[in-house]
Amino acid sequence: MRRLAGKVAVVTGGARGIGLAVARAYAREGARVVVADLNAEGARAAAEDLGGGALGLVVDVADAGSVAAMIAAIVESCGRIDILMNNAGIGANTPFLETRLEDWNRILGVNLTGAFLVAQGCAREMVRVGEGGKIVNIASLSGQRGANGRAAYGSAKAGLELLTKVMAVELAEHGINVNNIAPGAIETDIARIMHDRATRAAYGRLIPMVRYGTPEEIADAAVFLCSDEARYVHGHTLNVDGGFREAGLMFKRDAPEA
Ligand SMILES: NC(=O)c1ccc[n+]([C@@H]2O[C@H](COP(=O)([O-])OP(=O)(O)OC[C@H]3O[C@@H](n4cnc5c(N)ncnc54)[C@H](O)[C@@H]3O)[C@@H](O)[C@H]2O)c1
């Protein structure tokens with residue numbers, strides 16, 4: 001039995017990386033997927049590749065008019081929205097003292113305001129149809145822990161975690177489940193921008209599983225949160241991070257004394 005059969009699932013930032021892996025997993029589970037991305041050609045190619053009536057749309061999640069047009073196009077083509085994977089995001093690795101206001105505004109604009117605009121638009125559609133829904137926001141471990149270069153990015157993701165809790169409280173009465181996935185270090189294009197050699201070496205010491213995660217490992221968690229099996233999971237942040245968040249003292253028994 002395919003777990004998302006008959007559902008209409010919107011994946012923002014679905015042209016590549018984590019979003020593309022989630023789009024593939026949702027399609028595999030029977031959903032009709034809408035890939036919405038700033039990269040119009042990437043969205044179109046991803047939708048064509050997915051098949052099953054998938055739709056590719058261009059959207060700038062940071063632009064309210066663009067989000068409204070995306071929602072209207074989805075409703076016109078699919079009639080409803082059952083699932084939102086609120087994934088589109090941009091990264092930066094900029095020290096606090098060098099973070100310019102324009103960079104701060106750009107990152108908050110996409111990663112927090114953009115997520116808000118898309119979630120609100122999709123939730124309003126779910127409420128209109130009246131049959132509930134599932135929303136999964138993509139936060140980050142950078143929103144939970146202080147880390148080099150993450151002033152704007154981490155602040156946006158921390159805000160998104162809190163927004164998820166408020167949405168969970170307010171949307172429960174409409175049968176809409178809202179949760180977060182917080183990925184740790186996942187091997188994608190954004191990681192190639194944000195993770196220099198020093199960052200990669202640090203992760204090598206700090207992740208108990210001693211490796212980066214894959215987009216497919218985030219997609220598996222996303223399918224679970226959108227399935228009926230997760231119906232009582234609500235307002236939760238699911239860290240998918242190889243143990244990075246929970247790790248403390250780590251050493252090898254036979255390590256030489258300092
Ligand atoms: N890769 C990681 O290590 C990691 C860790 C934690 C959280 N995340 C989060 O996961 C999400 C996906 O990241 P990824 O690693 O797949 O990144 P990615 O750069 O590979 O993909 C991001 C996608 O979002 C799209 N996008 C960017 N700005 C957009 C906008 N304004 N409107 C619509 N689409 C836009 C891009 O075109 C791209 O297709 C992001 O929210 C990111 O912050 C990633």
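Hydrogens, waters and symmetry mates play no part in the numbers below; they use all other heavy atoms, side chains included. All ligand and atom numbering here is 1-based and tracks the order in the structure.
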- Task: Tell me yes or no: between the side chains of Asn239 and Gln144, is some donor less than 3.5 Å from an acceptor?
- Result: yes
- Task: Indicate yes or no for a side-chain donor-acceptor contact from Lys134 to the backbone of Val178 under 3.5 Å, with no hydrogens or angles considered.
- Result: no
- Task: Could you tell me whether ligand 1 has any atom less than 4.0 Å away from a heavy atom of Gly14?
- Result: no
- Item | Residue-ligand contact Ala36/ligand 1, heavy atom below 4.0 Å | no
- Message: Which residue and atom name correspond to the protein heavy atom nearest atom 39 (O) of ligand 1, and how close is it?
- Response: Asp37 OD2, 2.6 Å
- Message: With nothing but distance in play, are any N or O atoms of Ala185 less than 3.5 Å from an N or O of ligand 1?
- Response: no
- Would you mind checking which non-hydrogen protein atom is closest to atom 28 (N) of ligand 1, with the distance to 0.1 Å? Ile90 CG2, 3.7 Å
- Item | Protein residue, atom and distance nearest to atom 5 (C) of ligand 1, heavy-atom basis | Gly184 O, 3.0 Å
- Give yes or no for whether the N/O distance cutoff of 3.5 Å, strictly under, is met between Ile18 and ligand 1. yes
- Any idea which protein heavy atom is nearest atom 24 (O) of ligand 1, and the distance to it? Gly13 CA, 3.4 Å
- Are the charged groups of Glu216 and Arg24 less than 4.0 angstrom apart, N to O? no
- Query: In the protein, which heavy atom is nearest to atom 15 (O) of ligand 1, and how far is it?
  - Reply: Thr188 OG1, 2.4 Å
- Item | Any pair counted as salt bridge (charged side-chain N to carboxylate O under 4.0 Å, His left out), so long as it reaches residues 160-178, sequence neighbours left out | none
- Identify, with sequence neighbours excluded, every residue that meets ring-ring contact (aromatic ring centres under 6.0 Å, His included) alongside Phe244. Tyr203
- Message: For Glu29, is there an ion pair with Lys7 - N to carboxylate O distance below 4.0 angstrom?
- Response: no
- Between Ser140 and ligand 1, is there a nitrogen or oxygen pair with a distance under 3.5 Å? no
- Query: Where is the nearest protein heavy atom to atom 12 (C) of ligand 1: which residue, which atom, and how far?
  - Reply: Asn87 OD1, 3.1 Å
- Message: For Ala115, is there any backbone N or O sitting under 3.5 Å from a side-chain donor or acceptor partner on Asn86?
- Response: yes
- Task: Measure the distances from the heavy atoms of Lys157 to every atom of ligand 1 and state whether one is below 4.0 angstrom.
- Result: yes
- State whether Tyr212 and Arg200 meet the cation-pi test: NZ (Lys) or CZ (Arg) under 6.0 Å from the six-membered ring centroid, and within 45° of the perpendicular axis. yes
- Message: Checking a contact table here: which protein heavy atom is nearest atom 19 (O) of ligand 1, and how many Å away?
- Response: Arg16 NH2, 2.7 Å
- Tyr153 near ligand 1 by a heavy-atom separation under 4.0 Å: yes
